[in-house]
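Position 1 is the first residue of the sequence; numbering continues from there.
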Amino acid sequence: MSTELDHTATAQEAVLALLRAQMAAWAAGDGAAFAATFTEDCDFVSFLGEFIRGRAALAAEMQRGFDGFMHGTHLAEPLRRTLRYPTPDTAVLITMTPRPAPPDTPAGPERSIQTRVAVRTGDRWLFTSFHNTPVRA
C-alpha cells in the first residue's frame, strides 16, 4: 500500500533528478539534453531576461549559449533550495546558486535565484516553467 509520504519522497527524488540532469547537461554543453528536462510547451526566462517558449527553441538557444559565452561553464550545487508541492502533480523548486563558472574556478560573489515549476504527467516529471533572476545585495 502506498502512502502520501511514499509519494512525496518519490516525487522529490524525481524533481531533484531533473535538476541533476540539467546540471549534467550544462556541464556537457548539451542544449538538447538541458531542454529535455522541460515540457514541449515550456516557458523559460533567462538570467539575461530573454523569454523562450517551447522545448525546441530552448534547446537551440541553450546550445548557442554553450557554444558561446557559456562555453566551459557548469552549474554549482545550490546554496539554498526549497521544494514544495501545491498539488500532488505540481512542484515548485526554488534554488539560489552562484553564477555559472568554469570548472576549478572559485565562485564569484554573484548569485541568482531560479524558480522552476515541474508537472507530473503519468509517472514522469518535467519542468514547465523556469525563471532566473539576479540576487541584489
Heavy-atom distance under 4.5 Å between the side chains of [X] and [Y], does that happen here?
X    : Y    : result
M23  : E77  : yes
R99  : P109 : no
Q114 : T97  : yes
L18  : F127 : yes
H131 : S129 : no
M62  : M70  : yes
L83  : V92  : no
I52  : F38  : no

Query raised in the report: Is there a donor-acceptor pair closer than 3.5 Å between any side-chain N or O of T90 and the backbone N or O of T87?
Result: no
Report task. Taking Q63 for its side chain and G29 for its backbone only, find out whether a donor-acceptor pair lies under 3.5 Å. Result -> yes
Query raised in the report: For the residue pair T95 and P78, what are the closest heavy atoms and their distance?
Result: CG2-CG, 3.8 Å
Report summary line: Closest heavy-atom pair, A14 versus W125, reported as atoms and distance to 0.1 Å, is CB-CD1, 3.4 Å
May I ask you to check whether [X] and [Y] show a side-chain donor-acceptor distance below 3.5 Å?
X    : Y    : value
R116 : T128 : no
D41  : T39  : yes
S46  : N132 : no
Q12  : T10  : no

Query raised in the report: Does atom CZ of R111 have more than 12 heavy-atom neighbours, drawn from other residues, nucleotides or ligands, at distances under 6.0 Å?
Result: yes
Query - Nearest-0.5 Å distance, CD of residue E40 to CG of residue L126 - result: 9.0 Å
Requested in this report: Rounded to the nearest 0.5 Å, what's the gap from CG on D43 to CZ on R53? Could you check?
Outcome: 4.0 Å
Query raised in the report: According to the interplanar angle, ranging from 0 to 90°, do the rings of F44 and F130 count as parallel (below 30°), tilted (30 to 60°) or perpendicular (above 60°)?
Result: parallel
